[in-house]
Amino acid sequence: GGKQRIRYSIDGVGSIDVSVSQKGRRIEVSRQLTVTCSAVDMEHYAGFRRLMQDWQTGKEFFVK
């Protein structure tokens with residue numbers, strides 16, 4: 001398998017870095033979420049929601 005990576009930041013909200021890679025029979029998953037604001041206002045809600053959606057998506061994988 002190849003390597004999958006989600007990595008970006010949103011000003012005033014935070015950043016995310018999720019990577020999944022395979023080395024032989026071993027799968028390595030690395031996840032980091034940084035929230036830089038103490039409260040999310042309406043102006044930044046869409047960005048915060050995007051971070052949370054990608055964070056949730058990056059925590060599951062299936063092996064066949």
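When reading the values below, keep in mind they use all heavy atoms of this one structure, side chains included, and skip hydrogens, waters and symmetry mates.
- Looking at Arg7, Arg5, Gln4 one by one, the single match for side-chain contact (heavy atoms from CB on, under 4.5 Å) with Ser19 turns out to be Arg5.
- A search for side chain to side chain contact (heavy atoms under 4.5 Å, CB included) contacts involving Ser9 returns Ser15, not counting sequence neighbours.
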Handout entry: side chain to side chain contact (heavy atoms under 4.5 Å, CB included) between Val13 and Val40, worked out
Key = CA-CA 7 Å; Val13 180; Val40 179; 5.7 Å; no
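- In this structure, Trp55 and Ile16 approach most closely via the heavy-atom pair N-CD1, 3.5 Å.
- The distance from the CZ atom of Phe48 to the CD atom of Gln53 is 11.0 Å, given to the nearest 0.5 Å.
- What you find for Tyr8 and Asp54 is that their closest heavy atoms are OH-OD2, 2.6 Å.
- Remark: Asp11 engages no residue in a side chain to side chain donor-acceptor pair (under 3.5 Å) (not counting sequence neighbours).
- From His44, atom NE2 reaches atom OG1 of Thr36 across 8.5 Å, with rounding to the nearest 0.5 Å.
- Between atom NZ of residue Lys3 and atom CD of residue Gln22 there is a gap of 13.0 Å, rounded to the nearest 0.5 Å.
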